[in-house]
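Here the structure is laid out as structure tokens; the discussion comes afterwards.
On a predicted model such as this, the values are computed, not experimentally measured, just so you know. Just so you know, these numbers use all the heavy atoms, side chains as well, and skip hydrogens, waters and symmetry mates. Each chain gets a letter, A, B and so on, in the order its sequence line appears, and its residues count up from 1.
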Amino acid sequence: MTRPLLLSVEKVTKSFGGLIAVKNVDFQVEQKEIVGLVGPNGAGKSTLLKIINRFYRQDTGTIMFEGKDISRLNSHQVCRMGISGTAQIAQAFPDMTAIENVSIGVLFGKPGRTSVNEAKKKAVEVLRFVEFSENKMETLAKNLNIAELRRVQLAKALATDPKLLLLDEVTTGLGHLEGERAIEIIRKIRLRGTTILMVEHIMKVIMGLCDKVIVLDHGEKIAEGTPKEVANNEAVIRSYLGESSDCSK
Amino acid sequence: MPLEISLSTLVQIVIWGLINGCIYVLLASGLNLIFGVMKVVNFAHGEFMILGGYVSYWVSIYAGLNPYFSIFVSIGVIGIVGVLTERVCFRRVLGTSKLNEIVLSLGLIYVLQNAMSVLWTDKERQISSPFEFITVHFEIININMRLDLLIVIGVTVLIMAGFYILIKRTKIGRAIRATSQNRSAAMLMGINVEYMDMFSFGLGTALAATAGTLLAILFPALYPQAGAMPALKAFTIIVLGGLGSTIGAIVGGLAYGLAESSAIAILGGTWRDAIAFAILILVLVIRPTGLFGEKEA
Amino acid sequence: MKKRTQLILAVAIIAIIAVSIAAYYYLTVPPERTIKIGLVASLTGPGSAEGADMQRAAILAVEEINAAGGVYVSEYGRNLTVTLEIGDDKTKPADGVIAVEELIKSKNVDVLVGGLSSSVTLASQVPAIDNNVPFVITGASTPQVTRRTDKNTSYMFHYCTIIDDYSETIVKFLNHTVRPTLIDEGRMDPERNLRLAMLVRNDAYGIGCYDTTVRFINDLGLPIEIVEYQKFEPGATDFTTQLTLIQAAKPDAVYHAGLTAESSNLVKQGLQNVGLKTIYIAVEVCQTPQFYEILGSWGDYQILESKFGSKAASYSDAVDTYIANYMQRWKDAQGNPIIPGMMGADTYDAIYLICKAIENAGTLDKAKIRDEIENIEMDQMLIMMKNGMIWFDQNHEIDPISFIEQMTWNSTTSQLTTYIVYPDSLKQRDFELPPDYENEYS
Ligand SMILES: Nc1ncnc2c1ncn2[C@@H]1O[C@H](COP(=O)(O)OP(=O)(O)O)[C@@H](O)[C@H]1O
Ligand SMILES: [Mg+2]
């Protein structure tokens, strides 16, 4: 079955100084699809996500979102168009409470006007949705632990009502139990019909969640297909075995 | 220096410290706002202050407006000048290198000073207040106070209350705080950080313009070069209060004003400006994060 | 293009070139020798009010001398006109040195005149000393300009009052006039000393005023004590804390030594902000239009030590004529006449004395001019001298008369005028205490 196209990445290249982090990458994400982005450390996964959310400018190539060219837009613009996500290193506003952090997303991350009070209500709702502990709602972000910060970050992203959610290693660094709960939340998001593009190290997670997997190595796309196809792809096995054993766990 | 200072003398010294402190609070809050959002030290902040004083001076002379009302004109004019300065100058160099930002704001000092020299000459000026001859008597502490002093305190309280509410309660205040706390997270959350830069720069210079007007009502301190020292003091104050802390700038400004008048009283008038450097060095050595700053940035 | 047009164009170009060459030669013909006087003045910075006055006075003197035919110099067998070259010392020592070097090296001045601030002039006089250019100093009040021992000051002349003169006159006035008035009015116990507070600029001039005051009180054994001594930084605009401390010391009078803006503002702040209702005594340095302008009605009953009373009721014909000419010549942007100041008067006199010395020398040789300045003897002009004559003593200093003026606010004209209240020989009115005067006894 084919669904309408949401995101289309066309021949995107990005280098940092002499290092080419993303090289001529092409792929597409359809609506309501969950796409996994995998590859060894340093493959360029995070960089690719940051090009899509316009944190970085690509050197060449085009990015289309809902049929519109977003290659020249800024982060705040694409956020309002419906692209939002979490970063590998959790980002928050340290001197704001959890609720305030999330209400920033409600206030500024989507079109339309929202009052400060409405934003607060919505923020609490979203925080509950990501199962954030009730008694930490008014705690300053700088006093939260990593797992809590991750949830705040996810809530912030969800608060903007994204059409495309970009998730970068949601489970990395979390304990087993916390990781399981994070995956549960992603399933809940999926049920709401949000399209997700996620970077994940743990193959089991990808296998259980994704409709499609894209494999990057040294900035290049080396494989694309259903989780099963990709797991049996020779190039993928070679690249994983040759690299660090990160992905075997 | 007589050690047996009477109560009313002491009260007067404290009052003078606080009044000077009011001006420093306004100046430092603007500098702090700009630093918080843009992470740029606007070395030309003192020049915006003096420029603001001159605008009020002009408006009060040529339009015959009460100088306390001309503050609003000055806020508008200097706010716009600030926004344009950000848009035309700082936007281009922001994030290229710290050195570029420093050179740019140092350069602005000379451009603004010379422009002011051309427009208003080097003569010291003072804005004359319609309440110049009115004094208020406080029976309890047996002190006569110029009405203007009370108005200056009142205006500062009003402006700072407005500023505080803007930062803490309004939508744009949240965007400002978000941008200063984490610029990249802010822009990923849909905040137009470049717009925030412009807005904060304009608001910061508008606060400086208020400080300049009040200063020029109290003292003959309006001449093109007069901004250099106050700007340095404002910088000391935000280091003292903790970079980026709104409350820190307020408490720091008042504390600095008190420190300055006590330094004059205890050590002599020649210490007036030296005290800024002394405090700066002391704070940097003992508590580099300032009174209200975080241990770890 | 037609042939004819081309021809016209060619002729036009040749004509333009020819005219340019002719003009070039015409304009670069060496100009006629004139007497070049270099004025060193603070046209910018904290001394700019005084500097502007010096500049106006110098221009006026030069115009008058030239209008009268110039100066006869026998070496040239005819009258030479005087040209004035002006150097701005920006009220800063380093810029003063640059200004004087430029006057000497590129403007080739024959003589220098001016020099306002003591610290600036001590620096800016060095190139004049090193190049043996006679310099008549008309502003700086430190005696060091002609008495310093690290340099040969034989080309330096000091045509103005020195710090010692200010303090001597003020201390004598306090003892002779203020103290008896306070006693008469029951404001002071005759047994006690007069309580004097001092508020001075933290530089050679201000501190010098304090030191000389202490010295004169002791040397003359006067019943005056200094109950509070405060300083402020050059260019200060806020004096309130110092004034509050002075108020706490309950003085009978305040002697303040600042430049125009500082002194006028501190009086205003003392009365307006601090409520220190006393007698404020300013030094002649402040004798500028700006002083009266800033003070406005706050100057009522206040005191100024001076040797040139620009606002005083008539006391000398020469001064009256000068003031009239000056106000005729100089108007502000609104067309109102500008009132002359004291440093300008010094400078005006000095330019006349320089021209007289050149005439006596009969040459523009700097050593000869120096000798003639040293031996000058001419009738006093604007500045009154103790023996009525302009002459320099062995320290290259003059012997002027200084006096005390009291200001009065005229509410109908909205102007301050002054009357001489000391010494008795010049007195126009009796000294009066301000109606709201307060001291220990109030
Ligand atoms: N801001 C940056 N500046 C320079 N090099 C970078 C930057 N971000 C990433 N890189 C480099 O680009 C490559 C890809 O990084 P990244 O996208 O973070 O990989 P991944 O997320 O797949 O582990 C790495 O070699 C990394 O060192
Ligand atoms: Mg990564």
Between B:N20 and B:G257 (side chain of the first, backbone of the second, donor and acceptor by atom type, cut-off under 3.5 Å), is there such a pair?
no

Do you know which of A:Q153, A:K110, A:R54, A:Q91 has the most heavy-atom pairs with chain B at a distance under 4.5 angstrom?
A:Q91

For A:I214, does its backbone N or O pair with a side-chain atom of A:K221 as donor and acceptor, under 3.5 Å?
no

With the side chain counted from C-beta on, respond yes when A:K11 and A:Q58 share a heavy-atom pair under 4.5 Å apart, and no when they do not.
no

B:R177 portion near chain A, given a 4.5 angstrom heavy-atom threshold
both

Mark yes or no for whether A:K45, through its side chain, and A:G39, through its backbone, hold a donor-acceptor pair below 3.5 Å.
yes

Among A:T160, A:V116, A:T114, which residue has the highest count of heavy-atom pairs closer than 4.5 Å to chain B?
A:V116

Between A:S115 and chain B, which part of the residue has a heavy atom less than 4.5 Å away: side chain, backbone, both or neither?
neither

Indicate yes or no for a side-chain donor-acceptor contact from A:N74 to the backbone of A:Q77 under 3.5 Å, with no hydrogens or angles considered.
no

Under 4.5 Å from any heavy atom of chain B - which part of A:A92:
backbone

